[in-house]
> 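The structure that follows is given in the form of structure tokens.
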Amino acid sequence: MSLWEQIQEAVGAIRSRVNLEPSVAVILGTGLGGFGGEIEGSKALAYAEIPHFPRSTVAGHKGQLVFGRVQGKPAVVMEGRFHVYEGYSAQEVTFPVRVMKALGAETLVVSNAAGGLNADFSAGDLMAITDHVNLMGVNPLIGPNDERLGERFPDMSSPYDPRLMEAALAIARREKIPLRQGVYAAVAGPNLETKAEYRFLRGIGADAVGMSTVPEVLAAVHAKMRVFAVSCITDLCIPETLKPASLEEILKVARKAEPRLTALISRLIEKI
Ligand code: HPA
């Protein structure tokens, strides 16, 4: 069965159970799952109930699509995302994006936890992604191109929508949420990087590094969706002073930043 047919089957199964056409899709990053409280009249579908959706393997990871209204706007929210380091192909990681687009979502809002490479940043900062470098070694657009999903050679001169960025910066100013801007480098993981890799990443112009988001953004831009992406800088990765990373600390920082991230995203959706 072709990718297109798989998407149509997933859409059919969802539409038979959910009576809401989302205009915006949201993907929540590690430790940033509390956005669920912003969704009114929510209806959740477990990934396992949706044909062709990848299966969540990580214990304790929620795996559901939540439909409802955010600030009055019909939305679909992925609680639990898929990562290349879990063993999923880039196609599998991005299947939900393609389904959300086929359901009607024209805008994608993505969040993630990332390591900070810019020495001006602090742990807990939010960073709007202005651009990215794909160092994952994979790409969801490799393979035969189905023109119904997008064009063969999608333009990447401006993958992150400048108008959404402007709106987010205005909201951040008004709500007094400090918001940095920067370039996100995506690596496959799962290991954190070596000092030499951090030096390299800094040298090529990255302000943050993480293991997600870029595949989803590539699929979304391919599908002509408008994208806004934001990183929570959970730890600083400065090679000269690098200490062993603590996953516990990373999750703690993400949880602490979550109310700011939730406020920013829900206000942004209000404006879409
Ligand atoms: N690398 C380093 N630090 C991080 C990452 C990463 O991919 N994600 C969150 N903190």
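Whatever order the structure lists them in is the order used to number ligands and atoms, beginning at 1. FYI, the numbering just counts along the sequence from 1. Heavy-atom basis, side chains included; hydrogens, waters and symmetry copies ignored.
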> Which pairs count as salt bridge (charged side-chain N to carboxylate O under 4.0 Å, His left out) when at least one residue sits in residues 112-127, sequence neighbours excluded?
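Output for this query lists Asp125-Arg180.
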
> Would you say that more than 12 heavy atoms from the other residues, nucleotides or ligands in this model lie under 6.0 Å from the NZ of Lys252, or not?
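Atom NZ in Lys252 is not packed in, count stays at 12 or less.
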
> So that I can tick it off, tell me whether Glu240 and Arg202 are bridged by a salt bridge, with the cut-off set at under 4.0 angstrom between side-chain N and carboxylate O.
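Salt bridge: yes.
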
> With sequence neighbours excluded, what pairs up with Glu166 under the salt bridge (Lys or Arg N to Asp or Glu O under 4.0 Å) test?
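Glu166: no salt bridge (Lys or Arg N to Asp or Glu O under 4.0 Å) contacts found.
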
> Which pairs pass salt bridge (charged side-chain N to carboxylate O under 4.0 Å, His left out) with one or both residues in residues 138-157, sequence neighbours excluded?
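Counting only pairs at least two positions apart or across chains, the salt bridge (charged side-chain N to carboxylate O under 4.0 Å, His left out) contacts touching residues 138-157 are Asp146-Arg148, Glu151-Lys224.
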
> Output, in order, the C-alpha distance, side-chain angles, deciding distance and verdict of ring-ring contact (aromatic ring centres under 6.0 Å, His included) for Tyr47 and Phe82.
CA-CA 11 Å; Tyr47 295 157; Phe82 302 99; 5.3 Å; yes

> Quick one, list the residues around ligand 1 where some non-hydrogen atom comes in under 4.0 Å, by chain and residue number.
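Residues Ala113, Ala114, Gly115, Leu192, Glu193, Tyr198, Val209, Gly210, Met211, Thr234, Asp235, Cys237, Ile250 each place a heavy atom under 4.0 Å from ligand 1, listed by chain and number.
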
